[in-house]
Amino acid sequence: MPDLATPLIAWYRDNARDLPWRAEGFGAWGVLVSEFMLQQTPVARVIPLLEAWLTRWPTPTALAADPPAAAVAQWANLGYPRRALWLHRAAVEIRDRHDGVVPREVEALLALTGIGDYTARAVAVFAYGERHPVVDTNTRRVIARAVDGRSQPGPPARGDLAAMTALLPRDDQDAAIVNAAMMELGALVCTARAARCDVCPISALCAWRAAGYPDTGDLRRKQAAYEGSDRQARGAVLHALRAAPSHALPADDVAADWPTPAQRDRAIDSLIVDGLVEVVDGNLRLPQ
DNA sequence: CACGCGTGGGG
DNA sequence: TCCCCAAGCGT
């Protein structure tokens, strides 16, 4: 396996986007919040809401002092609002178990609500400079192509972390840059739809390119159909309740035009279970 | 391990 | 237009 780190580091120095969480001194809490928001939500939509979030809650303790409902409301339209509840819960855990300081150990980060393999290592590496493999979907795609010679990665698997570890230089700072560079390359150059090999710093070393871009068959899990799904129904319920801020609505009036009432009711029930909808005297409202 | 979970932008 | 995609996580 040729050395990918050296060209990646040089490329990253010249081509990395100037993103808020990469600013010197952005802080571990800011990095952690950004990572929560970036879970399945594009960068461009995260940036303005991240700034607003950190202005309102500059520390985990500040967030923990407000009710979870405040976090859900501030989450606005980022999608997957359960993440707002998880982030709030993580803030409480940081206050109660870590004296209000975002932990730097991967194991401690993994124990927080809403933090998994990716986010734990992203915080440890990008906020604290520790040396670990950080593997997201971009990184997995770049490894699939450059190293394994396949057009797309399979589903996340054990072994992903080991594969990335093999690419990391010894030096902690260089390792952090290579982690970031793999993600950045996947986001900007070696994307899911296209591979811009003409501007890729490792095209000469790429196994997929060398093999003539074989289409290995796409093993990625397909996103479930959204049209007609329970998720869509939940989205419609939330949309209706957001449109009626502060006052509760009779349950029958919420998304009343939804084509299948049973599905609408199921969506409401699941949102109540998740803590994203409240029942007050038989009326529904967003938690407050 | 495969599935459920929002919302919106771009090719 | 419509479909695909987007720094995952919990169960």
Side-chain angles (χ1 to χ4, degrees), chain A residues 16-17 19-22 30-50 72 75-87 89-90 109-127 132-142 152-161 164 176 179-188 190-196 218-242 255 263 266-267 269-271 273-277 286:
Chain A
R17 290 168 292 178
L19 299 171
W21 44 91
R22 290 177 178 162
V31 171
L32 189 155
V33 173
S34 76
E35 295 298 350
F36 265 84
M37 291 183 169
L38 288 164
Q39 293 168 4
Q40 300 286 279
T41 300
V43 166
R45 288 176 51 209
V46 163
I47 290 175
L49 284 158
L50 173 66
V72 177
W75 197 257
N77 62 344
L78 281 177
Y80 290 150
R82 294 188 299 177
R83 287 181 294 163
L85 292 174
W86 294 341
L87 177 52
R89 207 169 302 160
L109 288 160
L110 282 171
L112 299 174
T113 301
I115 294 193
D117 280 333
Y118 165 75
T119 304
R121 288 172 178 78
V123 171
V125 170
F126 301 137
H132 298 285
V134 181
V135 178
D136 77 332
T137 186
N138 290 306
T139 295
R140 292 194 308 104
R141 182 173 54 254
V142 173
Q152 298 287 351
R158 289 186 63 85
D160 289 344
L161 292 176
M164 186 58 194
N179 276 311
M182 288 285 280
M183 293 172 58
E184 193 75 343
L185 190 70
L188 299 182
C190 196
T191 65
R193 286 184 197 272
R196 302 176 53 206
D218 196 340
L219 301 177
R220 292 173 300 166
R221 176 163 68 109
K222 284 202 164 131
Q223 208 169 46
Y226 186 67
E227 190 66 29
S229 67
D230 285 8
R231 285 164 64 197
Q232 187 186 31
R234 284 168 58 106
V237 170
L238 290 173
H239 180 77
L241 293 176
R242 286 194 190 107
Q263 185 181 47
R266 195 162 62 244
D269 288 343
S270 71
L271 286 165
V273 168
D274 288 346
L276 293 168
V277 168
L286 297 177

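Letters go in sequence order (proteins before strands), and every chain restarts at 1.
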Interatomic spacing from CE in Met183(A) to CG in Leu188(A) - rounded to 0.5 Å
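It is 11.0 Å, given to the nearest 0.5 Å.
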
From the set [options], return the single nucleotide nearest to any side-chain atom of [X].
X: Asp230(A); options: dA7(C), dT7(B), dC5(B); result: dC5(B)
X: Arg220(A); options: dC5(C), dA7(C), dG4(B); result: dC5(C)
X: Trp86(A); options: dG6(B), dG8(C), dG10(C); result: dG10(C)
X: Met183(A); options: dC9(C), dA7(C), dG6(B); result: dA7(C)
X: Thr41(A); options: dG8(C), dA7(C), dG6(B); result: dG6(B)

By the 4.0 Å heavy-atom rule, please label [X] as base, sugar-phosphate, or nothing.
X: Pro155(A); value: nothing
X: Arg158(A); value: nothing
X: Thr137(A); value: sugar-phosphate
X: Asp274(A); value: nothing
X: Trp75(A); value: nothing
X: Ser34(A); value: nothing
X: Leu110(A); value: nothing
X: Arg89(A); value: nothing
X: Leu78(A); value: base
X: Arg242(A); value: sugar-phosphate
X: Ala192(A); value: sugar-phosphate
X: Thr113(A); value: sugar-phosphate

In whole Å, what is the span from the [atom1] atom of [X] to the [atom2] atom of [N]?
X: Lys222(A); N: dC5(C); atom1: NZ; atom2: C1'; value: 13 Å
X: Tyr80(A); N: dC3(B); atom1: OH; atom2: P; value: 14 Å
X: Arg22(A); N: dA7(C); atom1: CZ; atom2: P; value: 12 Å
X: Arg121(A); N: dG8(C); atom1: CZ; atom2: P; value: 15 Å
X: Gln232(A); N: dT7(B); atom1: CD; atom2: C1'; value: 11 Å
X: His239(A); N: dG6(B); atom1: NE2; atom2: P; value: 15 Å
X: Glu227(A); N: dT7(B); atom1: CD; atom2: P; value: 14 Å
X: Glu35(A); N: dA7(C); atom1: CD; atom2: P; value: 11 Å

Would you say Arg141(A) reaches dA6(C)'s phosphate, i.e. side-chain N/O to OP1/OP2 under 4.0 Å?
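For dA6(C), OP1 or OP2 has a side-chain N or O of Arg141(A) closer than 4.0 Å.
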
Would you mind pulling out the nucleotide paired to dG10(C), Watson-Crick or G-U wobble, both distances under 3.5 Å?
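dC3(B) is the nucleotide pairing with dG10(C).
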
Which pairs, protein N/O on one side and nucleotides 8-11 of chain B N/O on the other, fall under 3.5 Å?
| residue | atom | partner | partner atom | Å |
| --- | --- | --- | --- | --- |
| dG8(B) | OP1 | Asn77(A) | ND2 | 3.0 |

Checking Asn138(A) side chain against Glu184(A) main chain: does a donor-acceptor pair fall under 3.5 Å?
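No: the side chain of Asn138(A) does not pair with the backbone of Glu184(A).
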
Want to settle it: does Glu184(A) or Ile115(A) sit nearer the 5' end of DNA chain C, counting the closest nucleotide to each?
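The residue mapped nearer the 5' terminus is Glu184(A).
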
Which heavy atom of [X] sits nearest to which heavy atom of [Y], and what is that distance?
X: Val31(A); Y: Trp21(A); result: CG2-O, 4.2 Å
X: Gln152(A); Y: Ala192(A); result: NE2-O, 3.1 Å
X: Arg17(A); Y: Val43(A); result: NH1-CG2, 4.0 Å
X: Ala120(A); Y: Leu109(A); result: O-CD1, 3.3 Å

With a 4.5 Å limit on heavy-atom distance, are the side chains of Leu38(A) and Thr119(A) in contact?
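A side-chain contact is absent here, since even the closest heavy-atom pair is not under 4.5 Å.
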
Do Asn179(A) and Thr139(A) have side chains that approach each other closer than 4.5 Å (heavy atoms only, starting at C-beta)?
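Side-chain contact under 4.5 Å: no.
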
Can a donor-acceptor pair be found between the side chains of Tyr118(A) and Gln39(A) at a distance below 3.5 Å?
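Note: Tyr118(A) and Gln39(A) side chains miss the donor-acceptor criterion.
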
Does Arg234(A) get its side chain close enough to the base of dG4(B), under 3.5 Å, for a donor-acceptor pair?
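Under the 3.5 Å cut-off, the side chain and the base do not form any donor-acceptor pair.
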
Does any N or O donor sit under 3.5 Å from an N or O acceptor when you compare the side chain of Arg231(A) with the base of dG4(B)?
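Side chain to base: no pair present.
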
Judged by each residue's nearest nucleotide on DNA chain B, which is more toward the 5′ side, Tyr226(A) or Pro156(A)?
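Counting from the 5' end, the first nearest nucleotide belongs to Pro156(A).
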
Pairwise P distance for dG10(B) and dA7(C), with rounding to whole Å:
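dG10(B) and dA7(C) have their P atoms separated by 14 Å.
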
Using atom C1' of each nucleotide, how far apart are dG6(B) and dC5(C) to the nearest Å?
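dG6(B) and dC5(C) have their C1' atoms separated by 13 Å.
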
Flag the pair Arg234(A) and Asp230(A) as a salt bridge only when some basic side-chain nitrogen lies within less than 4.0 angstrom of an acidic carboxylate oxygen.
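Answer for the salt bridge query: no.
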
